[in-house]
Protein chains: 2
Amino acid sequence: MDSAVTTSTQTITPFSSIRIDKDASTPIYLQIAEAIGSLLASGVLPPGYVLPPERVLCEQFGISRMTLRQATSLLDREGLINSRRGVGTVVTHSRLRKQQQEVRSFSEEIRARGGRPESRLISLDLAVPAAPVRDFFELHDQQKVYEIQRVRLKDGEPLALELARIPERLCPGLERFDLARSSLYEVLERSYGLRPEACNEEISAEIPTSQQRKLLGLPARTAVLVINRKTYMENERPLELTRSVFRGDRYSAIVHSRKSKSILQTTSS
Amino acid sequence: MDSAVTTSTQTITPFSSIRIDKDASTPIYLQIAEAIGSLLASGVLPPGYVLPPERVLCEQFGISRMTLRQATSLLDREGLINSRRGVGTVVTHSRLRKQQQEVRSFSEEIRARGGRPESRLISLDLAVPAAPVRDFFELHDQQKVYEIQRVRLKDGEPLALELARIPERLCPGLERFDLARSSLYEVLERSYGLRPEACNEEISAEIPTSQQRKLLGLPARTAVLVINRKTYMENERPLELTRSVFRGDRYSAIVHSRKSKSILQTTSS
DNA sequence: CTAGTTCGAATGTCTAGACAAATGAAGCAC
DNA sequence: GTGCTTCATTTGTCTAGACATTCGAACTAG
């Protein structure tokens, strides 16, 4: 425990294995963040583990403290570690780790839940939309949108009815693709370079119509979960407008929230 | 337009009005972030506005570049501005601004939506909970939890039924407070120092029971939105377990999502 | 007019220090 | 023991620079 000793003998920690390449194209702070990130993901650094002091890590990596802090602040933002003045840097307990609210397609969502997603195409129309839809997409009078109606299945069973709308201007020729087989988001990204960046969802509960009951094979006295989703691209332009009707007995939406650390925007009345 | 001119004369920008106090207890970078943040909130800096170069702002504020970047990176994380190498720093368009998924109590949620929240206490019990609840709170055999049933109203109309459960150990004497008048979260924070840090919600659609219909004054053929919420504190300990049953015709949940910028944790299957 | 080049300007990354402030433990007085 | 003080440790904040990288505009050659 004498400082004269610890400076001469290198303590072996999980960090000893980290090697950084100062000449690599990825910046040093990212290399370190990723390295520590995978130590966290693999469980080598369990929740509650106290990281070595910054100055020790700096010496070990041969970098300056500001660079190390750039890495740790990244992980701190993600909620994976927690630094406290006078105490140290501690690995966060899993429950508090930020579970990012993701922009996910139906297929991705189902796969994330461990199911097998499928689709049956009901209709694919190219039509001049009603006023609210036209306004959302900021279209001129006669511009058209694709309206794609599908039954979405999980493990072979009907789970949801989906009506996706997307302007023709963004993806001309969309009807050529087999939307029963492939994910709409995949087609949009691969063939048109369109990527969703943000979305707003409004989740409500409704009594199903008789047509919905039939298409979903709904038992009596079952409600449906309706999700209206607005999707935007990186350039803030609207991308997609979707209404999904889920079987209430087989699906529920999961939302993760965390107190935001930022002191900005405290505009609560 | 001549650089020789602009160096001698100070260009007047919205940033000229920002004054920082180097001796204040709030760090400089926070002062600047907040100042720019309110310029953004007030609309003085409209979307698309290009901020002056970092070096110019540094000189104006009399600070070093790293300190300024600490401020702008905060705002960048929040999605309020967007810095691009070789280009500059631009104010983000409003649609892409991160709308943080907040941990909110019923009262806060209703107020955020511009309504007046109210409560009617139905019952407040102190009981030994069933196994699933006991497991969630990690309680021993005979430890009790408060079970608080309330009708939650918006603008005088019943909107939801809420059953909140919280361990007695965390807040002994909770029954002394007037939970019809004050928010449970406020009591927990002010009188017991308990603060929710994160929560997980599961949102589902159900057909109401006849009792729920009566208490909520539900019209026929109306579904209810059921939200089961698990709340945790900063130390990862469970704080509260709540089941809320909302009128489906008057309430829908709003969820905002954004693609995360981090390259970490890309563990998609 | 077009395509390629050059170059200035802007942010990105990094350094090697400095002092401040919070924390918790050890020691001390009682 | 109990409560207070002291102190070493640790992260938080900040500086004044350096060079790298990217972008787009202006210029040039054809």
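Lettering of chains follows the sequences in order, A, B, ..., and the numbering in each one begins at 1. For the numbers below, each heavy atom of this structure counts, side chains included, while hydrogens, waters and symmetry mates do not.
For A:Ser73, there are no side chain to side chain donor-acceptor pair (under 3.5 Å) partners, not counting sequence neighbours. Every residue two or more places apart in sequence or in another chain was checked for a side chain to side chain donor-acceptor pair (under 3.5 Å) with B:Ser183, and none qualifies. Taking the side chain to side chain donor-acceptor pair (under 3.5 Å) definition, one finds that B:Tyr146 meets it with B:Glu175, sequence neighbours left out. Checked against side chain to side chain donor-acceptor pair (under 3.5 Å), A:Thr72 has no partners two or more places apart in sequence or in another chain. For A:Arg229, the salt bridge (charged side-chain N to carboxylate O under 4.0 Å, His left out) partners two or more places apart in sequence, or in a different chain, are A:Glu201.
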Please tabulate, for the side chains in residues 37-57 of chain A, all donor-acceptor contacts under 3.5 angstrom to protein atoms that are two or more places apart in sequence or on a different chain.
unit_1  : atom_1 : unit_2  : atom_2 : d
A:Ser38 : OG     : A:Glu34 : O      : 3.2
A:Ser38 : OG     : A:Ala35 : O      : 2.9
A:Ser42 : OG     : A:Ser38 : O      : 3.0
A:Ser42 : OG     : A:Leu39 : O      : 3.2
A:Glu54 : OE1    : A:Arg65 : NE     : 2.6
A:Glu54 : OE1    : A:Arg65 : NH2    : 3.0
A:Glu54 : OE2    : A:Arg69 : NH1    : 2.7

Between the protein and nucleotides 11-14 of chain C, list the N/O to N/O atom pairs that are separated by less than 3.5 angstrom.
unit_1 : atom_1 : unit_2  : atom_2 : d
C:dT11 : OP1    : B:Thr89 : OG1    : 3.4
C:dT11 : OP2    : B:Glu54 : N      : 2.7
C:dT11 : O4     : B:Arg55 : NH1    : 3.3
C:dG12 : OP2    : B:Arg69 : NH1    : 2.4
C:dG12 : OP2    : B:Arg69 : NH2    : 2.8
C:dG12 : O4'    : B:Arg85 : NE     : 2.9
C:dG12 : O4'    : B:Arg85 : NH2    : 2.9
C:dG12 : N7     : B:Arg65 : NH2    : 2.8
C:dG12 : O6     : B:Arg65 : NH1    : 3.4
C:dT13 : OP1    : A:Tyr29 : OH     : 3.0
C:dT13 : OP2    : A:Tyr29 : OH     : 3.1
C:dT13 : O4     : B:Arg65 : NH1    : 3.3
C:dC14 : OP1    : A:Ile28 : N      : 2.4
C:dC14 : OP2    : A:Ile28 : N      : 3.4
C:dC14 : OP2    : A:Tyr29 : N      : 3.2

Contact list (N/O, under 3.5 angstrom) for nucleotides 25-27 of chain C vs protein:
none

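The CG-P distance, from A:Leu68 to C:dA16, rounds to 14 Å in whole Å.
Screening residues 36-46 of chain B for salt bridge (Lys or Arg N to Asp or Glu O under 4.0 Å), with sequence neighbours left out, gives no hits.
With a 6.0 Å radius and a threshold of 12 heavy atoms from other residues, nucleotides or ligands, B:Arg113 has its CZ atom above the threshold.
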